[in-house]
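Note sheet for the following structure.
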Amino acid sequence: MTGSLLISTSLIALLGVALLVLARLEPGHPHISDWGWSHVLLAVGLTLGIALVPADPESLHYKVQATAATAAIIASLALQLAGAARYRGRAWRWRVNAPIFLTLLGFILALALVQQRHAVVAAALILTGGAWLAAAWLWRDGATGERFVAACFAASGLVHLSGPLLDPLARSPITHILGTYVQAVLAMALILLSVRRAHHETQRVNSRLRQLYEQSMQGLLVVRDTRAVYANPAALAMFGFEQVEDIGPIGPMIASSDIEGARARYARLLEERSGQIPWEGERYRRDGSAIYLRGSSSYIEWEGGPALLVLILDDTERQRATEALRRQALHDELTDLPNRHAALARLAELTAPGSPGFALLSADLDRFQLVNESLGHETGDALLQAIAARLREALPPDALLARLGEDQFLLLQPGVEDDAAALLVGQRLLALMNLPFAVAHRALYVHLSVGIARFPAHGQNGAALLRAADIAMHQAKQQAGAAVVAFRPGMAAAAGGLLEIEQALASAIDREEFQLDYQPKFEAGAHRLAGFEALVRWQRPGRGRVSPADFIPAAERTGQIVPLGALILRQAAQQLRAWQQQGLAVMPVAVNVSPLQFEDTGFADWVLDLVRAHGVDPALIEVEITETAAMTHMDRVLPQLARLREAGVGVAFDDFGTGQSSLTLLRRLPITTLKLDRSMVDPLPEPSAGAVVQAACVVAEALGLAIVAEGVETEAQAAEVERLGCTHLQGWLLSRPLPPDAAAKLLSEPSVHPSGSSHPAATPG
């Protein structure tokens, strides 16, 4: 009997071990492991509790072995239920359920102390209930195989129940024989059920994976021995094939520039048999059209041999968009020439240490704005396109032509080693503009101003070279007509000085670093004082005096002439009031006014408010405007001059003779004084120059104007302008510009000029 029991328990244990082996093969199915350990522990419990039970039930050995056997059987029941619950997807928590089974174990052991038979009956009932509960879980909504296993669990419960019914200590051979068969069948059924579940799960996962890679937009290729052995639909569509057999060798699909790289990736992955290598590049479809792919290659085993798994994405559209954006960022949309960014990038390449020399030409169209204003921007755009096309066709292949701005082009000419060769390139560029451009049914002539800089003589990097070429170009624009100017180091210093002055002007005006000198005007003949002209001076702290020839044009360019002009008028009004308070016989002070100040339609009212606020008679202020300002801004200047004249402010027409004013203009302007430019006075007493001055005096006298001769520096000039009809004289012969204190002293003795005829001739500074 003992031998047969040991054989049956060994069989149950072996079947449990088989389940555990299966559990290791299918780690994602924990119920298999539960059932495997359940059978192993059941075999242990039957071996210890029945097959090898000691003969003396009162011995300690018996009691210890019986306790161990009972614990193994209760643990087997717990694992049996855990497996059934997990198989069905029911929650199973050992922290909650373990105390229940420990309680049952304690209950059975307690009964055994009272009466062993009662303990056997209780254990049989507990095992039967557990088996039938597992059967119920598997039977409900179960398939045929699951219900068969449920029936085996139910039969196992009946076997457990038969034990105490056939023998008080459950040692009936019938019970153990039936139990062996039932447990063996149950174990086999559990193995088959678990295998079937694992197989179905694998099929389900494989089906999902197949759906993923069959319906994925990402291409998937398997390459073996340089041939495609598998391709998903996305990969087939990318390359224009219908089936993988049509692909064949993949070499023709790879761009020649990447073929060596592809071979190297293939060899590396086959050698290392691990890792992943990303790549991107151009590939070819079946019809020969190019596509741009991004992908990664990795090693896999395919049908028992080494192969490559290639994942690919069609990146053609993004690559085209990127290329379009890159081209847009580096090309001028209007002319299709490289733009400033592209030119600077190319300059960065060519100015690397040790690079050969080249010339950089900055070319700007002269008066291009007139084309836009008179003919429209469409014509201007068409003209720029025509210029770009002509230059592009005529320039050598190694030259780079770029458009930097609205009407500025850049030419980079390699192989130019000296200024002579660079100037020759510039002259050829000008020559290309000799023929007119046919634009909008018009023949338009174009002139260029060209500045030249050379690498490495004029700059070690692109920014410095471009700055030098621009400086030279602006020098060329100051010359009449088309011109070419090569950069010289002194130009940068001059340009830097102008920039520095422009930057300092605003703060200098705020700090009132400017002061006025006063150059006297004298009546002709008697040389009595008749008034002053206020001349602005800039005394920069720590820098000394700045020439008006430097800061006045800078103020005009930057618009700072407006606040500067307001400051000059305030200082003149303040000085007139101060002289009045000193009891001096104040005379009119003339102040130069910029045409930009007349942009403000309330300028005339502001001037009148200013003099009244200082308690100064408006007749003591005279505004001087140039004939160029009057002619260019007539619509804004004329009404405000009329407003000033009505209030008593004098108006002087300055620098007469330098422009193209007409007699009609003199008649229309509400002026009181005509100031002859020093260029009309310098040649005197030459007869031809005298004739011009006399004609101007005749006209002024006919219009009732005072006539001031500026720049009188010699006795001969003074005598001649008085003879020709000038009413007033101004110049260094009679007086230099005076500081306020010296001017005040002169006011106290108006009949005496400060220096008289003995003052040497000089050029005002």
Side-chain angles (χ1 to χ4, degrees), residues 518-535 587-593 619-631 637-638 641-642 644-645 648-735 737 746 750-751 753 757 761 764:
Y518 298 89
Q519 186 168 31
K521 291 186 291 186
F522 296 93
E523 294 179 359
H527 291 182
R528 286 192 300 269
L529 181 66
F532 298 94
E533 179 181 358
L535 301 176
M587 294 188 178
V589 173
V591 179
N592 288 279
V593 176
L620 293 176
I621 289 289
E622 183 179 55
V623 296
E624 293 188 0
I625 62 167
T626 63
E627 59 177 311
T628 302
M631 294 176 65
V637 171
L638 187 58
L641 291 181
L644 292 172
R645 282 299 301 127
V649 175
V651 178
F653 197 34
D654 197 15
D655 296 339
F656 181 77
T658 59
Q660 299 176 356
S661 54
S662 64
L663 298 180
T664 302
L665 178 64
L666 293 179
R667 183 179 58 82
R668 291 181 60 193
L669 288 174
I671 60 178
T672 57
T673 302
L674 189 66
K675 300 189 72 173
L676 303 183
D677 187 72
R678 65 169 49 249
S679 62
M680 299 178 69
V681 176
D682 280 343
L684 295 175
E686 292 181 4
S688 58
V692 174
V693 171
Q694 186 176 25
C697 291
V698 170
V699 172
E701 183 180 3
L703 295 175
L705 304 178
I707 309 167
V708 179
E710 292 185 294
V712 178
E713 297 179 354
T714 67
E715 292 286 357
Q717 290 174 343
E720 186 67 9
V721 294
E722 289 178 345
R723 185 185 69 80
L724 295 172
C726 291
T727 61
H728 295 80
L729 280 66
Q730 179 180 340
W732 279 28
L733 173 68
L734 303 175
S735 175
L746 184 60
S751 62
H753 59 79
S757 60

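In what follows, residues are counted from 1 in the order of the sequence shown. We use all heavy atoms of the structure for the numbers below, so side chains are in, but hydrogens, waters and symmetry mates are not.
- Contact annotation: the side chain of Val693 approaches that of Cys726 to within less than 4.5 Å [non-hydrogen atoms, C-beta and beyond].
- Scanning for side chain to side chain donor-acceptor pair (under 3.5 Å) contacts around Glu533 gives Asn592, Lys675, Gln730, with sequence neighbours left out.
- The structure places CG of Asp655 at 11.0 Å from CD1 of Ile625, a figure rounded to the nearest 0.5 Å.
- No side-chain heavy atom of Pro588 sits under 4.5 Å from any side-chain heavy atom of Phe532.
- We find the CG-OG1 distance between Leu684 and Thr714 to be 8.5 Å, quoted to the nearest 0.5 Å.
- Contact record, Gly711 with Asp682: O-OD1, 4.4 Å, taken as the closest heavy-atom pair.
- Side-chain atoms of Val681 and Glu720, non-hydrogen and from C-beta on, never get closer than 4.5 Å to each other.
- Using a 4.5 Å heavy-atom cutoff, the side chains of Ile621 and Leu644 are not in contact.
- Atoms OG1 and CZ, from Thr626 and Phe656 in turn, are 13.0 Å apart once rounded to the nearest 0.5 Å.
- Shown here for Ala530 and Glu523, the closest heavy-atom pair between the two residues is CB-CG, 4.0 Å.
- Between Glu722 and Gly525, the shortest heavy-atom distance links the atoms OE2-N, 2.8 Å.
- Gln717 has its side chain out of reach of Arg678: every pair of non-hydrogen atoms, C-beta onward, lies at least 4.5 Å apart.
- Interatomic distance, CG of Leu703 versus CD1 of Ile671, reported as 7.5 Å (0.5 Å rounding).
- Summarising the geometry of Asp677 relative to Glu710, their closest heavy-atom pair is CA-OE1, 4.1 Å, with the distance given to 0.1 Å.
- With sequence neighbours excluded, the residues that form a side-chain contact (heavy atoms from CB on, under 4.5 Å) with Glu686 are Pro683, Ser688, Ala689.
- Annotation: the span from Leu746 atom CG to Phe522 atom CZ amounts to 5.0 Å, rounded to 0.5 Å.
- Counting heavy atoms from C-beta on, the side chains of Leu669 and Leu638 come closer than 4.5 Å.
- Nearest heavy-atom pair, Gly725 versus Ile707, reported as atom, atom and distance to 0.1 Å: O-CD1, 3.8 Å.
- Formation of a donor-acceptor pair under 3.5 Å by the Thr672 side chain with backbone atoms of Val651 is found in this model.
- Interatomic distance, CG of Leu724 versus CE of Met680, reported as 10.0 Å (0.5 Å rounding).
- The minimum heavy-atom distance between Leu729 and Ala718, with the atom names listed, is CD2-CB, 3.7 Å.
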